[in-house]
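Okay, structure first, notes after.
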Amino acid sequence: EMQKKYIDIAYAKSKRLEKLIEDLFGFTKMNYGRISMNVGKVDIVKLLGQLLEEFYPSFADKDLTYELKSNVPSQVITADGNLLARLFDNLINNAIKYGAEGKKVLVQVLAKDDIVTVSVTNYGYVIPAEELPLIFDKFYRVEQSRSTHTGGTGLGLAITRSSIAMHHGIIKVSSKEGEGTTFTVKIPLSYIPS
Ligand code: ATP
Ligand code: MG
């Protein structure tokens, strides 16, 4: 029994190390421009639907529900599908991890002119205003998250921001009592390589 317990602990720790190494590699490659983009046609509405479905067990675990709203049934954009999936994976993961008391997560797509806007909103914990500009920095974790045991290395949003920049897009955050925490991503429909 004792052995099993320690093996489980060692396994969980090695999993965390594996994630940290992957994140660090990903982040360094991205920041030194050594990541080659694999650009193609991606239906962003479909991609978000699939991601949310895959997260179903995590939503159920935290007693959360999600809603996906879009002003279009599908929206094809020119982008790197893998990078896109990873960056929204980060945002949804955060919404689940930090929005556990909020009961629901809302993902909204708004395609207008030549830009698609995706917002991910969770309720519950509000990020203090003075910390908002810092959360995209690598290794930065809000005080509250450092003291509670949500795990994480603070690389998720740094990687997310870099991936969005590679698509010539932007990301913003707002967090207010009553309104919840919203991460808003804007990406041009067609990626123009620089
Ligand atoms: P990981 O590297 O595993 O993603 P992380 O989740 O701590 O670790 P980031 O995703 O970069 O790192 O987020 C940085 C910090 O911003 C988090 O520690 C948390 O304090 C805060 N944060 C991020 N998303 C949310 C959210 N949706 N609601 C509340 N706080 C958030
Ligand atoms: Mg994260």
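Counting starts at 1 for both ligands and their atoms, in listed order. For the numbers below, each heavy atom of this structure counts, side chains included, while hydrogens, waters and symmetry mates do not.
Taking the six-membered ring where the residue is Trp, F183 and F136 present perpendicular rings, their angle passing 60° and hence far from 30°.
Closest approach of A111 and Q75 over heavy atoms only: CB-OE1, 3.3 Å.
There is no side-chain donor-acceptor pair under 3.5 Å between K104 and T65. Residues E131 and Y140 have side chains that bring a donor and an acceptor to within less than 3.5 angstrom of each other.
Between the choices Y98, Y123, Y125, F27, the shortest heavy-atom distance to atom 22 (N) of ligand 1 belongs to Y98. Distances from atom 27 (N) of ligand 1 to the heavy atoms of I127, L132, N122 show the closest one on N122. Scanning K19, R141, E131, R16 for the heavy atom closest to atom 7 (O) of ligand 1 points to R141.
Heavy-atom contacts of Y140 reach the following atoms of ligand 1: 14 (C), 15 (C) (cutoff under 4.0 Å). Here is the list of ligand 1 atoms found below 4.0 Å of a heavy atom in G154: 1 (P), 2 (O), 5 (P), 7 (O), 8 (O), 11 (O), 12 (O). Taking every heavy atom of I135 and a limit of under 4.0 angstrom, the matching atoms of ligand 1 come to 14 (C), 16 (O). Using a 4.0 Å cut-off to heavy atoms of F183, the atoms of ligand 1 that qualify are 24 (N), 25 (C), 26 (C), 27 (N).
Not one N or O on the side chain of D43 forms a donor-acceptor pair closer than 3.5 Å with the backbone of V76. No donor-acceptor pair closer than 3.5 Å links the side chain of T78 to the backbone N or O of S190.
Residue-to-ligand polar distances place K97 within reach of ligand 1: an N/O pair is separated by less than 3.5 Å.
With ring centers used as reference points, Y98 lies 6.0 Å or more from Y125.
Taking backbone and side-chain atoms together, N94 has an N/O/S atom less than 2.8 Å away from the Mg ion (ligand 2).
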